[in-house]
Amino acid sequence: MSSFDEFDAFEGASLAARAMAARPSPYLDELNPAQREAVERLDGPVLMLAGAGTGKTKALTSRIVHLLNTSRARPNEILAVTFTNKAAREMKNRVGRMLGQTVEGMPWLGTFHSICVKLLRRHAELVGLKSNFTILDTDDQVRLLKQLIQAANIDEKRWPPRQLASLIDAWKNKALTPERLPAADAGAFNNRGGELYAQYQTRLRELNAVDFGDLLLHVVVIFQNYPDILQQYQRWFRYILVDEYQDTNVAQYLWLRLLAKEHKNICCVGDDDQSIYGWRGAEVGNILKFEKDFPGAHVVRLEQNYRSTPHILAAASSVISGNENRLGKTLWTQQEEGEKVRLIGHWDGEVEARWIGEEVEALQTGTRGMKPYGLEDMAILVRASHQMRAFEDRFLTIGLPYRVIGGPRFYERMEIRDAMAYFRVVTSPEDDLAFERIVNTPKRGLGNVAVQKIQTAARENGVSLVEGARLLLDSKGIGGKGAKELRILIDGIDRWRGLGIQREVEIPLNDDEVIDEGTTQSATRFAPAGDNMPHTELAEIILDESGYTSMWQNDKTPEAPGRLENLKELVGQLANFDNLQGFLEHVSLVMDNESDDADAKISIMTLHAAKGLEFPVVFLPGWEDGLFPSQRSMDESGLKGLEEERRLAYVGITRAEEVCTISFAGNRRVFGQWQSQMPSRFIDELSEEDVEVLTAPGIYGGGHSGAAGDFGSGIQDRVQSANTYNSPGWKRMQDRAGQRGLSQPKESKNTIIDLEAVSSYSVGDRVFHQKFGYGEIMEIEGDKLVIEFDKAGEKKVVAKFVTASTDIPF
DNA sequence: AGCCTCAGCAGAAAA
DNA sequence: TGCTGAGGCT
C-alpha cells in the first residue's frame with residue numbers, strides 16, 4: 001500500500017498520436033463550460049466534483065464517448081465503475097444512444113463487484129478457489145457464521161452471528177485479511193473475532209464460495225501478491241472512470257489506485273456533500289484527499305444545477321453549510337423563482353400522514369395555486385423505513401395509489417432463494433449451504449436430527465453433504481419415512497445433474513475481453529447448452545419433481561400466488577442465459593427489483609434509496625431530533641454522524657425540483673411507545689428567506705378536534721422549557737397559530753367516491769386484498785368497506801382495492 | 001416434526 | 001407495536 005506514495009505526473013505522449021484521428025464531436029456543444037472541461041481533459045487524474053442535479057451522468061457519458069471518438073482508447077480499454085447495476089445500465093444506455101449503437105464492446109463498464117467477479121474467475125486459483133465459485137449472499141453468510149459460532153461453543157445469544165457478519169464485512173471493506181487484522185480488531189467478538197474470521201475464510205474456500213466482500217478483497221490481494229498480473233491490467237486499462245467516488249471504501253480505493261498507477265488517467269466523479277454511506281464503510285476521506293493521492297490532479301466543479309428552483313437550492317445550501325469538512329461548491333441555477341420550501345408542524349405522526357395525504361390530493365387538482373401534479377411526480381422520503389407504515393395505512397384508507405421503493409429485492413425472496421438453492425445443488429456438488437436449505441423444503445420429514453446425521457456422515461468421510469447423505473442411506477444410518485424421502489431427493493439430484501450435464505471445455509475469451517495482446521488467453525468455461533437439455537426446461541423439471549412448485553400450489557396463504565408468479569418469472573429470465581451457472585451469477589449480482597410499473601402512484605422510500613432520483617414534488621416528513629438526525633447515528637459517531645445526517649438532509653431537499661415540503665410531528669409512536677420530541681435542528685438551519693411556514697387547517701384552526709388546542713400549548717411548553725429552539729420557522733409558526741384561521745373538515749374532499757365499486761359487494765362477502773389477504777366484509781360505509789381479515793384483523797379499506805373471492809374461510 | 005407461545009428487540013442497505 | 005427466533009408442548 002505504501003508503495004503508492006509516489007504517483008507522479010502523467011505521461012500522455014504516446015496517446016497524443018491516437019488523438020489524430022479525431023472525429024467531429026457534436027455532443028460537446030451540449031455541455032456547459034465546466035462539463036466540457038470535465039469531458040475534454042482526458043489525461044491525468046481528474047476529480048469531477050458534481051453537485052446535485054448538475055448533469056454528472058451527462059458529463060460522464062460524454063467523456064466516454066469523447067474517449068472513443070478521439071480514439072484515445074478502444075471500448076475494451078476503458079474501465080468504468082459504478083456502485084449499482086442501475087447506474088451501470090444507465091451509463092451503458094446513454095453511451096449507446098450517443099454513439100448510435102449498442103455498447104456490447106464495453107466489457108469493463110459495470111459495478112465494482114461485477115468487474116471483480118470477472119477478474120476473480122480468471123485468477124481464482126491464486127486465492128485457493130476454483131473459477132466456478134459460488135457467490136454467497138448475506139443470508140448464507142450468516143448461516144455459515146452461526147455454525148462456526150456454535151462449533152466454537154460461544155453463546156450465540158450474547159454474540160449474535162449477524163454482529164460477526166458485519167464485523168467481517170467491515171474488515172473486508174478495509175481490505176483486512178485475517179492475517180493483516182490488527183490485534184485490536186481480532187480481539188472483538190468475545191476475543192474470538194480474528195479466529196472466527198480465519199475459520200470463516202477457510203470454510204468459504206472449502207465450499208468454493210465467496211461473499212460480496214471477498215470479491216473485492218481477493219482481487220486486491222491478487223494484485224498485491226502478483227505484480228505481473230497487476231501490471232497486465234494496469235497497462236490494459238488506459239482510462240478509468242469512477243462514479244460516486246465519495247461512496248468508495250478502502251478496498252475499492254486500493255483497487256483503483258493499483259489499477260490507475262500505470263496510465264494515471266483516472267477520472268473520479270462524486271460529491272462529498274452526498275456521502276451518506278459511512279456506515280457501510282464508505283470513506284468520505286477518499287474524495288477529500290484525492291488531490292493529495294493523485295498529484296497533478298485537476299479538479300473540475302460542476303455547479304450549475306438544472307434540477308431545482310432557487311429557493312430549494314438555497315435552502316439545501318444553507319443546511320449543508322453547517323458541515324465543517326467540505327470541498328465546497330456553490331450551486332446556482334437559471335430557473336425562475338418558484339415556491340419556497342414549505343414547512344409544517346403536526347401534533348403527531350398520524351396527523352402528519354393525514355395532512356400529506358390531503359396535500360397530495362390538493363396538488364393533484366392544482367388547488368394550491370400551483371399547476372396540477374400527477375402522482376408519479378411526487379415522492380415521500382423518510383429517514384427510517386418504519387415511518388412508511390403510517391403513510392401506507394393512510395393511503396390505503398383513502399385509496400391513494402402508492403408504491404414503496406426499496407422493499408425486499410427480488411432475489412432475497414424466500415421462494416427465489418429456495419429455487420436458486422436447488423439449482424446450486426445441481427450445478428455445484430460442494431454447495432453444502434444450498435443443500436441444507438432445500439433438504440427439508442418442501443417438508444420431507446428430515447428435521448434437525450436427520451440433518452445432524454448427514455453432517456456427521458459427511459464430516460467423517462470428508463465429503464459434501466449430498467455424498468454424506470448417500471453414504472448414510474447406504475449404511476442404513478437413517479430409517480423410516482425420512483430415509484425414503486431422502487433417497488428420492490438424492491436420486492433426483494443425480495438425475496437432474498445428468499440431464500443438465502454441461503461439457504466443461506476450454507474456450508477462448510471473447511475478443512473484447514482479451515487483456516494481453518499477443519498471448520491468446522482462454523478460461524475454463526461451460527459451453528452453451530448444445531445437445532444437452534435446455535436449461536429452462538431443466539429448471540422447471542427440478543422445481544416440479546422436487547415438489548417445490550406443488551408446495552406453493554397447495555399453500556393457501558395470500559402470498560402463495562405471488563410466489564408462484566415469481567418462480568415463473570425466474571424461469572422466464574433463465575432463457576436469457578447460456579446455462580444455469582451464468583444465471584446464478586446474474587441473480588446474485590445483477591438482478592434487481594425494478595418494477596416497470598408506470599402507473600400513476602406516489603413513491604414512498606428512504607432518503608438513502610432516493611439518492612440519484614428527482615421528483616417535481618417531494619415530502620420530507622419526520623424532521624425531529626432523534627429521528628432525523630438519528631439519535632443512534634449521533635451516539636455512535638458523534639459529530640461525524642451528525643454531519644452525515646446533515647448530508648442526508650441535503651440529499652433529501654435536493655431531490656425536489658419544484659415543491660419541497662418539510663414536516664415534523666410533536667409526538668410519535670415509536671415501537672408502540674409514545675414519544676414527544678423537538679423539531680429537527682436542521683429546521684433551524686434552513687435559511688429563513690427560503691422557507692414558508694404552513695399552518696394546517698383543522699389543526700391550528702381550532703374547531704372540534706381536541707388535539708388542536710393541545711398542539712399549541714403542548715409543543716410550545718416543551719420548546720419553551722427546553723429554551724433552545726428559536727428558529728425563524730418556529731417563531732412564525734407561533735404567529736400563525738395565534739391567528740386561528742378557518743376551520744376545515746379533516747377528511748379529504750377530493751376523494752371521489754366510487755360507488756360503483758362498492759355496490760358490487762354486500763356484507764358477508766369474502767374478498768381478497770393485496771396486502772391483507774382474505775377477509776369478510778362486516779360493514780359498508782360510503783365507498784369504504786370494513787373488512788375482518790383472516791390474518792390482519794379488522795381494517796377499513798376502499799372498495800376498489802379488493803377483489804371478490806371464492807375461497808372458503810378456514 | 002410441527003405448531004405455538006413468549007421473550008427480545010428494533011438502522012440506513014449496494015453487491 | 002409487531003416481527004423473529006428459540007424452546008416447549010403435543
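Values below: all heavy atoms of this structure, side chains included; hydrogens, waters and symmetry mates excluded. Just so we're on the same page: letters track the sequence lines, and every chain starts at 1.
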Q: Using the side-chain heavy atoms of A:Arg280, tell me which of these nucleotides is nearest: B:dA14, B:dA15, C:dA6.
A: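 From the listed options, B:dA14 comes nearest.
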Q: Side-chain N or O of A:Thr606 less than 4.0 angstrom from OP1 or OP2 on B:dA13?
A: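 Yes, because at least one side-chain N or O of A:Thr606 sits under 4.0 Å from OP1 or OP2 of B:dA13.
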Q: Could you tell me whether the side-chain ring of A:Phe671 sits stacked on the base of B:dA10, using a centroid cut-off under 5.5 Å and a plane angle under 30°?
A: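 A:Phe671 ring centre within cut-off of B:dA10 base, planes near parallel; stacks.
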Q: Measuring from the side chain of A:Arg389 (C-beta onward, heavy atoms only), which nucleotide among C:dG2, B:dA14, B:dA15 has the closest atom?
A: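 Taking heavy atoms from C-beta onward, the closest nucleotide is C:dG2.
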Q: When the distance from CG of A:Leu627 to P of B:dG11 is rounded to whole Å, what number comes out?
A: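 Whole-Å distance recorded here is 12 Å.
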Q: Just compare C:dC3, C:dA6, B:dA12 and give me whichever is closest to any side-chain atom of A:His608.
A: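 Closest of the options to the side chain of A:His608: B:dA12.
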Q: Between B:dA13, B:dG11, B:dA15, which nucleotide has the shortest distance from any of its atoms to the side chain of A:Arg632?
A: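 Selected nucleotide: B:dG11.
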Q: Could you give me the CA-CA distance, side-chain angles and deciding distance for A:Asn132 and A:Asn208, then say whether side-chain hydrogen bond (donor to acceptor under 3.5 Å, both in side chains) is met?
A: CA-CA 8 Å; A:Asn132 63 344; A:Asn208 192 29; 3.1 Å; yes
Q: Does B:dA12 have its OP1 or OP2 closer than 4.0 Å to a side-chain nitrogen or oxygen of A:Ser385?
A: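 Checking B:dA12 against A:Ser385, a side-chain N or O does come within under 4.0 Å of OP1 or OP2.
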Q: Are the aromatic ring centres of A:His123 and A:Tyr233 under 6.0 angstrom apart?
A: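 Between A:His123 and A:Tyr233, the centre distance is under 6.0 Å.
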Q: C:dA6 C1' sits how many Å from A:Arg158 CZ, rounded?
A: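 Between C1' of C:dA6 and CZ of A:Arg158: 18 Å.
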Q: Taking the minimum atom-to-atom distance to the side chain of A:Thr84, which one of B:dA14, C:dA6, C:dG2 wins?
A: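 Shortest atom-to-atom distance from the side chain points to B:dA14.
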Q: Ignoring backbone atoms, establish whether A:Lys86 has a side-chain N or O less than 4.0 Å from OP1 or OP2 of B:dA15.
A: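 No, because none of the side-chain N or O atoms of A:Lys86 sits under 4.0 Å from OP1 or OP2 of B:dA15.
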Q: Assess the pair A:Phe391 and A:Tyr402: is the distance between their ring centroids shorter than 6.0 Å?
A: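 Ring centres of A:Tyr402 and A:Phe391 not closer than 6.0 Å.
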Q: Starting at CG of A:Asp635 and ending at P of B:dG11, how long is that distance when rounded to a whole Å?
A: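 Taking CG of A:Asp635 and P of B:dG11, I get 14 Å after rounding.
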Q: Using ring centroids (six-membered ring only for Trp), state whether A:Trp255 and A:Tyr253 fall under 6.0 Å.
A: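 No: the rings miss the under 6.0 Å criterion.
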Q: For A:Gln387, answer base if it contacts any base atom (sugar-phosphate contacts may also be present), sugar-phosphate if it contacts only those atoms, and nothing otherwise; contact means non-hydrogen atoms under 4.0 Å.
A: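 The residue A:Gln387 makes no contact with any strand.
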Q: Using a 4.0 Å heavy-atom cut-off across all strands, classify A:Lys611 as base, sugar-phosphate, or nothing.
A: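 Nothing: the residue A:Lys611, judged by heavy atoms under 4.0 Å, touches no strand.
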Q: Run through A:Ile135, A:Val127, A:Ile115 and flag the one making a side chain to side chain contact (heavy atoms under 4.5 Å, CB included) with A:Leu120.
A: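 Among A:Ile135, A:Val127, A:Ile115, the one that satisfies the side chain to side chain contact (heavy atoms under 4.5 Å, CB included) with A:Leu120 is A:Val127.
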Q: Could you say whether the aromatic ring of A:Tyr277 and the base of B:dA14 stack, counting only centre distances under 5.5 Å and plane angles under 30°?
A: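 So no, this residue does not stack on that base, at least one cut-off failing.
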Q: Provide, to the nearest angstrom, the distance between the CE atom belonging to A:Met605 and the P atom belonging to B:dA13.
A: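 Rounded to the whole Å, the gap is 11 Å.
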Q: OP1 or OP2 of B:dA15 versus the side-chain N and O atoms of A:Asn85: is any pair under 4.0 Å?
A: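 Yes.
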Q: Pick the nucleotide of DNA chain B nearest each of A:Gly672 and A:Ala450; which residue has the one closer to the 5' end?
A: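 So the residue in question is A:Ala450.
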Q: Applying a 4.0 Å non-hydrogen cut-off, can you work out what A:Leu136 is touching in the nucleic acid: base, sugar-phosphate, or nothing?
A: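 Nothing: the residue A:Leu136, judged by heavy atoms under 4.0 Å, touches no strand.
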Q: Quick one: which of B:dG2, B:dA15, B:dG11 gets closest to the side chain of A:Arg383?
A: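 Selected nucleotide: B:dG11.
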Q: On DNA chain B, compare the nucleotides closest to A:Gly445 and A:Ser114; which residue's is nearer the 5' end?
A: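 The residue whose closest nucleotide sits nearer the 5' end is A:Gly445.
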